[in-house]
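Hydrogens, waters and symmetry mates are skipped; everything else that's a heavy atom, side chains included, is used.
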Amino acid sequence: MLHWIQYIRGYVTIKVWGYSTERLLNLCGNHDILVWDIVNHGDYDTMNISVQGFFALKPLLRKTGTKASVLKRYGLPFFASKMGRRKIFVAGFICCMLFWMLTAGFIWNIKIEGNYVLTEDVLIDYLEEKGVHVAMKKSRLQIEEVEKALREDYDVITWTSVQVKGTTLVIYIKENEMPDYDQTGQSDDTENYEQTDGMDLIATKSGTVSYIITRSGVPQVTVGDTVEKGDVLVSGAVPVYNEDTTIRKYQYVVSDADIMLRYTESVAVKKDILYEEKMYTGRQKKVAMFGFKDREWDLRLGGIPYKEYDVSGEKKQVKLLDRLYLPIYYGGKTVQEYEMIRQKYTEEEMEAIMQEEWNKIILSLEEKGVQITKKNVTIKKNEKNWVLNAHMQLEESAVKLVPTRTEPVAVEEIPEE
């Protein structure tokens with residue numbers, strides 16, 4: 001603490017020599033003049049003394065017949081005096097501090113940790129929809145609302161923690177391993193039903209029933225029946241009969257069954273033999289770039305001398321300390337010239353392309369749980385293109401649950417006598 005007080009007031013290191021150096025130090029003590037770090041060098045002594053004490057030392061030097069000279073200067077008064085002669089530097093320093101203070105109130109970087117099922121792009125787009133984005137004011141950020149919204153809108157997220165560190169918004173999430181989620185991370189079952197309500201199983205495609213095993217509910221179809229999209233396959237209304245075989249009431253259950261529907265589908269894929277390919281000429285140009293917020297500037301003279309070109313590069317964000325990001329970017333770009341050359345696939349290349357397209361069709365069906373029971377694949381080719389035609393017989397569990405369509409049995413009112 002004493003060191004900082006001495007620095008703010010300012011002090012100097014002086015050299016003292018003469019006949020009565022010891023007497024000078026005694027007089028300094030009598031006049032409350034503080035000196036410290038006294039070092040004897042034989043013919044002279046060095047010591048530190050405050051600026052105020054140095055000016056009060058003049059009559060004591062005359063009285064003792066000693067002399068003193070300043071060796072070094074320390075402290076804020078000397079620093080301020082030196083900076084006063086460098087007005088441009090001081091102005092730049094003040095502007096830098098003001099800019100730092102201004103940008104410190106914004107979010108300039110968003111970091112997400114703990115996500116596996118949900119991609120970072122999906123979460124960033126979701127946050128933008130909620131008004132959370134880069135360059136937003138920290139004061140507008142509602143941390144508890146962001147945490148709650150993430151948990152409510154994504155069933156796969158079981159825990160969230162949102163923190164602001166410097167100018168970085170750090171979002172920690174924990175995901176639950178759950179099946180049947182689409183690429184947005186939201187459950188495929190978009191409707192919620194109470195388990196006490198009746199639920200029917202209906203067909204989501206038109207086809208023929210090839211397999212059915214019912215565990216709960218009343219089956220409405222058998223193997224070999226042809227159904228249309230939307231038809232009820234298993235009813236969630238189980239009838240309870242009177243003694244005269246009339247229906248007294250329904251007991252509502254959630255239908256549960258293994259059902260496979262068979263149907264046919266045709267797919268056609270057309271590929272041209274001719275294609276255009278980029279051929280790089282080898283000519284390229286390096287360009288430096290500078291960015292602020294969402295704007296970028298290329299540091300170059302004149303335009304790009306190429307008609308067709310690709311641009312690749314890397315930019316970095318300016319970071320102070322560990323988490324303090326500024327809205328300033330820098331980096332470099334490489335501009336490469338190319339020409340579009342018209343090429344022609346060989347027959348071997350076209351066969352490989354068509355095989356790849358067929359593999360894509362198979363993979364897409366397998367991902368949806370669709371089985372191919374029969375197929376007829378043909379390839380027609382001419383000088384301009386090749387066409388793949390696939391006629392397939394498919395099987396899948398094309399069903400879904402919906403609220404039962406069976407209304408409760410009306411109770412007849414007995415007229416009062």
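- Residues Val162 and Leu169 are in side-chain contact: their nearest non-hydrogen atoms beyond the backbone lie under 4.5 Å apart.
- Panel note: side chain Gln220, backbone Val218; a donor-acceptor pair is recorded below 3.5 Å.
- Atom CG of Leu123 and atom CD1 of Ile112 lie 4.5 Å apart (nearest 0.5 Å).
- Residue Tyr309 places its OH atom among 12 or fewer non-hydrogen atoms of other residues, nucleotides or ligands, all under 6.0 Å distant.
- Glu276 CD: more than 12 foreign heavy atoms inside a 6.0 Å radius.
- For the pair Trp386 and Glu351, the minimum side-chain heavy-atom distance is below 4.5 Å.
- In terms of the salt bridge (charged side-chain N to carboxylate O under 4.0 Å, His left out) criterion, residue partners of Asp258 (sequence neighbours excluded) are, by chain and number, Arg215.
- Remark: the backbone N or O of Thr222 is paired with a side-chain donor or acceptor of Asp225 at under 3.5 angstrom.
- Residues Glu339 and Thr281 meet the side-chain proximity criterion, which asks for heavy atoms closer than 4.5 Å.
- Lys360 pairs by the salt bridge (charged side-chain N to carboxylate O under 4.0 Å, His left out) definition with Glu357, not counting sequence neighbours.
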Handout entry: CA sep, side-chain torsions, deciding dist, call: Tyr263, Glu396, side-chain contact (heavy atoms from CB on, under 4.5 Å)
Key = CA-CA 9 Å; Tyr263 58 94; Glu396 67 169 302; 2.4 Å; yes
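- With hydrogens and angles ignored, the 3.5 Å screen pairs a side-chain donor or acceptor of Ser255 with a backbone N or O of Met199.
- Looking at Thr334 and Gln284, their side chains never bring a donor and an acceptor atom within 3.5 Å of each other.
- Within the 3.5 Å criterion, the main-chain N or O of Ala257 finds no donor-acceptor partner in the side chain of Thr214.
- Scanning all heavy atoms of the two residues, the minimum distance from Met392 to Leu394 falls at CB-CD2, 3.8 Å.
- Checking Thr404 against Asp200 by side-chain atom types alone, a donor-acceptor pair falls below 3.5 Å.
- Heavy-atom minimum distance, Tyr252 versus Thr406: OH-O, 3.2 Å.
- The side-chain heavy atoms of Ile247 and Tyr241, taken from C-beta on, include a pair separated by under 4.5 Å.
- Contacts of Arg73 classified as salt bridge (charged side-chain N to carboxylate O under 4.0 Å, His left out), with partners at least two apart in sequence or in another chain: none.
- Evaluation of the salt bridge (charged side-chain N to carboxylate O under 4.0 Å, His left out) rule for Asp310 yields Lys278 as partners, not counting sequence neighbours.
- Proximity of Gln163 to Tyr172: side-chain heavy atoms (C-beta onward) are separated by under 4.5 Å at one or more points.
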Expected list for residues 202-210: side-chain donor-acceptor pairs under 3.5 angstrom, two or more places apart:
{"unit_1": "Thr204", "atom_1": "OG1", "unit_2": "Ala398", "atom_2": "O", "d": "3.1"}
{"unit_1": "Ser206", "atom_1": "OG", "unit_2": "Glu228", "atom_2": "OE1", "d": "3.1"}
{"unit_1": "Ser206", "atom_1": "OG", "unit_2": "Lys229", "atom_2": "N", "d": "3.1"}
{"unit_1": "Ser210", "atom_1": "OG", "unit_2": "Met260", "atom_2": "O", "d": "3.2"}
{"unit_1": "Ser210", "atom_1": "OG", "unit_2": "Glu395", "atom_2": "OE2", "d": "3.1"}

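- Exactly one residue among Lys315, Lys285, Lys333 makes a salt bridge (charged side-chain N to carboxylate O under 4.0 Å, His left out) with Asp298. That residue is Lys333.
- Summarising the geometry of Val387 relative to Lys270, their closest heavy-atom pair is CG2-CG, 3.9 Å, with the distance given to 0.1 Å.
- With sequence neighbours left out, Tyr345 forms a ring pair (Phe, Tyr, Trp, His ring centres under 6.0 Å) with Tyr275.
- Side-chain atoms of Thr168 never come within 3.5 Å of backbone atoms of Val170 as a donor-acceptor pair (strictly under, hydrogens ignored).
- Nearest heavy atom pair, residue Tyr116 against residue Glu175, reads N-OE1, 2.9 Å.
- Asp244 and Thr246 share a donor-acceptor pair across their side chains, judged by distance under 3.5 Å alone.
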Practice task
Assess whether side-chain contact (heavy atoms from CB on, under 4.5 Å) is satisfied between Asn115 and Val122, documenting all intermediate values.
Solution key: CA-CA 11 Å; Asn115 57 309; Val122 168; over 6 Å; no
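- The heavy-atom pair separating Val287 from Leu299 by the smallest distance is CG1-N, 4.3 Å.
- Looking only at distances, a side-chain donor or acceptor of Thr158 sits under 3.5 Å from a matching main-chain atom of Lys174.
- Applying the 6.0 Å contact sphere to CD of Glu308 captures more than 12 heavy atoms from other residues, nucleotides or ligands.
- Evaluation of the salt bridge (charged side-chain N to carboxylate O under 4.0 Å, His left out) test over residues 134-145, restricted to residues two or more places apart or in two chains, returns none.
- Applying the side-chain hydrogen bond (donor to acceptor under 3.5 Å, both in side chains) test to Arg342 and every residue at least two apart in sequence or in another chain returns nothing.
- The structure places CG of Leu25 at 5.0 Å from CD1 of Ile38, a figure rounded to the nearest 0.5 Å.
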Practice task
In sequence, state the C-alpha distance, the side-chain angles, and the governing distance for Val132 and Val146, and then conclude on side-chain contact (heavy atoms from CB on, under 4.5 Å).
Solution key: CA-CA 8 Å; Val132 179; Val146 174; 3.8 Å; yes
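- Test Lys72, His41, Lys15 against Thr46 for side-chain hydrogen bond (donor to acceptor under 3.5 Å, both in side chains) and you get one pass: His41.
- Between Met47 and Ile14 there is a side-chain heavy-atom pair separated by less than 4.5 Å.
- Interatomic distance, CZ of Phe292 versus OH of Tyr329, reported as 10.0 Å (0.5 Å rounding).
- In this structure, the separation between CG on Asp37 and CD1 on Ile49 is 12.5 Å, given to the nearest 0.5 Å.
- By the 4.5 Å heavy-atom criterion applied to side chains, Leu388 and Val377 are counted as neighbours.
- Shown here are the ring pair (Phe, Tyr, Trp, His ring centres under 6.0 Å) partners of Phe54, two or more places apart in sequence or in another chain: there are none.
- Residues satisfying the ring pair (Phe, Tyr, Trp, His ring centres under 6.0 Å) criterion with Trp108, sequence neighbours excluded, are Phe106.
- Not counting sequence neighbours, the partners of Trp36 by the ring pair (Phe, Tyr, Trp, His ring centres under 6.0 Å) test are Tyr11.
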Exercise for the section: Decide side-chain contact (heavy atoms from CB on, under 4.5 Å) for Val399 and Val234; before the verdict, give the C-alpha distance in whole Å, the side-chain angles of both, and the deciding distance to 0.1 Å. Expected result: CA-CA 10 Å; Val399 297; Val234 179; over 6 Å; no
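- You'll find the side chain of Leu57 stays beyond 4.5 Å of the side chain of Val35, heavy atoms only.
- Across Ile110 and Glu120, no two heavy atoms sit closer than the pair O-OE2, 4.4 Å.
- A 6.0 Å sphere centred on CD of Gln52 holds no more than 12 heavy atoms belonging to other residues, nucleotides or ligands.
- Among residue pairs with one or both ends in residues 363-380, those qualifying as side-chain hydrogen bond (donor to acceptor under 3.5 Å, both in side chains) are Thr373-Gln393; sequence neighbours excluded.
- Judged by distance alone, the side chains of Tyr250 and Glu407 never bring a donor and an acceptor atom under 3.5 Å apart.
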